[in-house]
Enquirer: 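There's a structure below that I have some questions on.
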Amino acid sequence: MSILIRQGTIILPDRQTLLGDVYIQHGKIAAIAPSLNPADLDQPLEIIEAKGLTLLAGVIDPQVHFREPGLEHKEDLRSASHACAKGGVTSFLEMPNTRPLTITQAALDDKLSRAASKCVVNYGFFIGATGEILPDLLTANPTCGIKIFMGSMHGALLVDQEDVLDRIFSQGDRLIAVHAEDQARIAQRRKEFAGSKEPALHSIIQDNQAALNATQLAVKLSKKYQRRLHILHMSTGEEAEFLRQDKPEWVTAEVTPQHLFMNIGAYEKIGSLAQMNPPLRSPRDQEILWQALLDGVIDFIATDHAPHTWAEKGFAASEDQQAPPSEKSSKDTVLLEPANVPSGMPGVETSLPLMLTQAAKGRCSVHQVSQWMSANVAKAYKIANKGEIRIGWDADLVLVDLHNYKPVRNEDLLTKCGWSSFAGWELTGWAVTTIVGGQIAFADGKVNPDVRGQALQFG
């Protein structure tokens, strides 16, 4: 069925805006005009009245952990893709730390098969690097790139020795994305602070210097081999200022909403639900990261969606599991050492409204949000015909309401973990309708479970 979106505010490339219509045919954007006559278009035709709404290119989330296979009690591809559709995310790139690890062509094929049968949005997967450089690292296909955990990891995916990193950077030409933390420094500081159960200690142990050390090493190796490098979830002002001074044209970087909107003060309010890797930083770091994003030093936004259960985060059973920790009684909270609490938080349902709320406040523009969350991601990963609203491009779109605010509520979330670190925050820009490949994946508050996304291809 063809679709006509009528009289929405359309966010076009090059900071252009049009109040008008978009016609979708065979999964593609077939026409963009101030007004289109439905009688002139193919039938049957579904009409979406978009007056008062804003139409953006669908979000491409370039860093998620959807837990399947092996950890489906936290999340799975079906639940996560439903959460994506609700959040206006039409494509995702997923990380290799599942069980088994995504380090072979067979493991990659298994994920692609699972996603084809379950995902209501488009999907792509990283191949993971290990200390033993496996042959599939260079040949596995299709993959968006190689993921290297330089720190905050254990087991086969931890690659923290410079000689091994050097060998990986020296071979092949596919994109390398790094989790940049200095594992040796983290290990040493864990010994120094062993025994404390304060959640905020996580940010002290995995400090700014640990992040800067690893980012500097990754950039050094990238320059040595002219190797395409992407720095995942940049978290510190020091890293941003380093890149401002020394960022080769083939290096990109991303930041998460939580590093922009939360700081170490969040531990007092939500405890271990604020724990992630790399950790939350100071208000000063937040300001520097924001400026780096505005200036183009940081290229785009990713959520690092990484859900864990209430119990894994250290919260005991409660009659009201939907209440944020600040509303729970002290008896519901179980303090654990940060090292014993898994790091990570969900994010695909809240990232777009978080950023659009900042646009509503005047901190950035809606066009910038679309650039950071769609166009720049597609460009960095060479995903053709996605990330912008252009004739002939894929009809991956999201209609949002920028006029009404509503709170983040745990009971409304589709992520399997059932909580958000942003619970209670009043946001605007929530998705009203999400379209994936010309199919309505989310509308009227519900996901259409019959829609299927496609495997992304990377140039």
Side-chain angles (χ1 to χ4, degrees), residues 11-15 56-66 80-81 84-85 87-95 119 121-126 142-147 174-179 228-234 243 247 249-260 289 292-294 296-305 347-356 359 364-390 393-398 400 431 434-437 453-459:
I11 302 301
L12 295 169
D14 303 319
R15 303 201 173 195
L56 298 91
V59 172
I60 305 171
D61 192 333
Q63 188 191 178
V64 300
H65 301 263
F66 285 169
S81 72
C84 282
V89 176
T90 54
S91 300
F92 66 80
L93 305 181
E94 206 260 354
M95 289 298 166
C119 285
V121 301
N122 306 310
Y123 47 88
F125 300 97
F126 280 88
T143 182
C144 46
I146 296 169
K147 168 65 179 287
R174 59 180 32 167
L175 177 148
I176 292 174
V178 295
H179 179 125
R228 176 75 176 88
L229 170 67
H230 178 64
I231 300 166
L232 299 160
H233 45 39
M234 183 169 287
L243 278 195
K247 187 188 179 191
E249 63 181 0
W250 58 86
V251 173
T252 53
E254 70 186 31
V255 66
T256 71
Q258 48 268 39
H259 285 119
L260 293 175
L289 291 171
L293 180 64
L294 291 166
V297 175
I298 296 174
D299 301 273
F300 47 84
I301 302 288
T303 65
D304 193 18
H305 177 99
V348 294
E349 290 170 82
T350 53
S351 59
L352 183 58
L354 280 165
M355 295 305 300
L356 289 174
C364 58
S365 69
V366 175
H367 282 89
Q368 285 175 306
V369 171
S370 186
Q371 197 77 23
W372 296 332
M373 302 191 76
S374 303
N376 287 0
V377 182
K379 180 180 177 181
Y381 286 97
K382 298 183 179 179
I383 306 170
N385 299 322
K386 293 188 187 294
E388 294 181 329
I389 300 178
R390 294 181 183 270
W393 285 37
D394 295 339
D396 296 335
L397 304 166
V398 56
V400 301
T434 302
I435 298 172
V436 178
Q454 300 293 319
L456 297 170
Q457 300 298 317
F458 310 96

Enquirer: Taking all non-hydrogen atoms of both residues, which atom of L289 and which atom of H259 are closest, and how far apart?
Expert: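 L289 and H259 have their closest heavy atoms at CD1-O, 3.9 Å.
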Enquirer: Which atom names give the shortest non-hydrogen contact between V436 and G453, and what distance separates them?
Expert: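 What the structure gives for the nearest pair is CG1-CA, 4.2 Å.
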Enquirer: Quick one: ring pair (Phe, Tyr, Trp, His ring centres under 6.0 Å) partners of F92, sequence neighbours excluded?
Expert: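 F92: ring pair (Phe, Tyr, Trp, His ring centres under 6.0 Å) contacts with F66.
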Enquirer: Who pairs with D304 by salt bridge (charged side-chain N to carboxylate O under 4.0 Å, His left out), at least two apart in sequence or on another chain?
Expert: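 D304: no salt bridge (charged side-chain N to carboxylate O under 4.0 Å, His left out) contacts found.
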Enquirer: Working to the nearest 0.5 angstrom, can you tell me the gap between L229 CG and I146 CD1?
Expert: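 If we round to the nearest 0.5 Å, L229:CG and I146:CD1 are 11.5 Å apart.
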Enquirer: Which heavy-atom pair separates A80 from V348 by the least distance, and what is that distance?
Expert: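 In terms of heavy atoms, the two residues are closest at O-CG2, 4.4 Å.
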Enquirer: How would you list, by chain and number, every residue that makes a side-chain contact (heavy atoms from CB on, under 4.5 Å) with V59, sequence neighbours excluded?
Expert: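 Testing V59 for side-chain contact (heavy atoms from CB on, under 4.5 Å), a comparison that skips the adjacent residues, returns V89, L352, M373.
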Enquirer: Run the side chain to side chain donor-acceptor pair (under 3.5 Å) test against E94 and tell me which residues pass, sequence neighbours left out.
Expert: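 Per chain and number, E94 pairs via side chain to side chain donor-acceptor pair (under 3.5 Å) with K111.
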Enquirer: Rounded to the nearest 0.5 Å, how far apart are CD of Q368 and CE of M355?
Expert: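 Reported to 0.5 Å precision, the distance equals 9.0 Å.
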Enquirer: Not counting sequence neighbours, which residues clear side chain to side chain donor-acceptor pair (under 3.5 Å) with D61? List them please.
Expert: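 Checked D61 against side chain to side chain donor-acceptor pair (under 3.5 Å); matches are T303.
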Enquirer: So C364 and L294, do their side chains get closer than 4.5 Å, heavy atoms only?
Expert: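 Sidechains of C364 and L294: in contact.
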Enquirer: I'd like to check the ring pair (Phe, Tyr, Trp, His ring centres under 6.0 Å) partners of F300; sequence neighbours left out, ordered by chain and number.
Expert: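 So F300 forms a ring pair (Phe, Tyr, Trp, His ring centres under 6.0 Å) with H230.
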Enquirer: Please list, chain by chain and in numerical order, all residues satisfying ring pair (Phe, Tyr, Trp, His ring centres under 6.0 Å) with H65, sequence neighbours excluded.
Expert: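 In terms of ring pair (Phe, Tyr, Trp, His ring centres under 6.0 Å), with neighbours along the sequence ignored, H65 is linked to no residue.
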Enquirer: Taking only residues two or more places apart in sequence, or in another chain, which ones meet R390 in a salt bridge (charged side-chain N to carboxylate O under 4.0 Å, His left out)?
Expert: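 Partners of R390 by the salt bridge (charged side-chain N to carboxylate O under 4.0 Å, His left out) criterion, ordered by chain and then number, come out as E388.
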Enquirer: Would the distance check show the side chain of R228 and the main-chain N or O of W250 forming a donor-acceptor pair, the cut-off being under 3.5 Å?
Expert: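 Yes.
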Enquirer: Output, in order, the C-alpha distance, side-chain angles, deciding distance and verdict of side chain to side chain contact (heavy atoms under 4.5 Å, CB included) for L354 and L260.
Expert: CA-CA 10 Å; L354 280 165; L260 293 175; over 6 Å; no
Enquirer: So, does T434 use its side chain to make a donor-acceptor pair with the main chain of V398 at under 3.5 Å?
Expert: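 Not confirmed, T434 side chain does not pair with V398 backbone.
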Enquirer: Of the non-hydrogen atoms in P257 and S351, which two are nearest, and what is the gap between them?
Expert: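 What the structure gives for the nearest pair is CG-CB, 4.1 Å.
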Enquirer: Please name all residues satisfying salt bridge (charged side-chain N to carboxylate O under 4.0 Å, His left out) with K147, sequence neighbours left out, ordered by chain then number.
Expert: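 Testing K147 for salt bridge (charged side-chain N to carboxylate O under 4.0 Å, His left out), a comparison that skips the adjacent residues, returns none.
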Enquirer: For residues 376-383, tabulate all N or O donor-acceptor pairs below 3.5 Å that involve a side-chain atom, not counting sequence neighbours.
Expert:
unit_1: N376; atom_1: OD1; unit_2: Q371; atom_2: NE2; d: 3.0
unit_1: N376; atom_1: ND2; unit_2: D299; atom_2: O; d: 2.9

Enquirer: With sequence neighbours excluded, tell me which residues meet side chain to side chain donor-acceptor pair (under 3.5 Å) with T143.
Expert: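 Counting only residues at least two positions away or on another chain, T143 forms no side chain to side chain donor-acceptor pair (under 3.5 Å).
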Enquirer: Determine whether a donor-acceptor pair (N or O, by modelled atom type, separation under 3.5 Å) exists between the side chain of N122 and the backbone of A455.
Expert: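 Looks like no, no N/O pair under 3.5 Å.
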Enquirer: Quick check: closest heavy atoms across S374 and G58, and the distance to 0.1 Å?
Expert: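 Scanning both residues, the minimum pair turns out to be OG-O, 2.9 Å.
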Enquirer: Report yes or no: does E254 contribute a side-chain atom to a donor-acceptor pair with the main-chain N or O of I301 at less than 3.5 Å?
Expert: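 Checking the backbone N and O of I301 against the side chain of E254, no donor-acceptor pair under 3.5 Å is found.
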Enquirer: Quick one: OG on S370 to CD1 on I11, what's the gap to the nearest 0.5 Å?
Expert: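 That separation rounds to 7.0 Å.
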Enquirer: Could you state the interatomic distance from CD1 (I60) to CG (L93), rounded to the nearest 0.5 Å?
Expert: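 One gets 8.0 Å once the value is rounded to the nearest 0.5 Å.
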Enquirer: Say you draw a straight line from CG of D396 to CD1 of I389; how long is it, rounded to the nearest 0.5 Å?
Expert: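 Here the rounded value is 10.5 Å.
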Enquirer: Under the rule for side chain to side chain donor-acceptor pair (under 3.5 Å), what residues qualify as partners of T90, not counting sequence neighbours?
Expert: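 Not a single residue meets the side chain to side chain donor-acceptor pair (under 3.5 Å) criterion with T90.
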Enquirer: Looking at every heavy atom in both A431 and G88, which two are closest together, and how far apart are they?
Expert: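 Heavy atoms of A431 and G88 come nearest at CB-N, 4.0 Å.
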Enquirer: Do the non-hydrogen side-chain atoms of V297 and M234 ever get within less than 4.5 Å of each other?
Expert: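 Counting from C-beta outward, V297 and M234 never come under 4.5 Å.
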Enquirer: Let me know which of L397, L12, V400 forms a side-chain contact (heavy atoms from CB on, under 4.5 Å) with L56.
Expert: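 Among L397, L12, V400, the one meeting side-chain contact (heavy atoms from CB on, under 4.5 Å) with L56 is V400.
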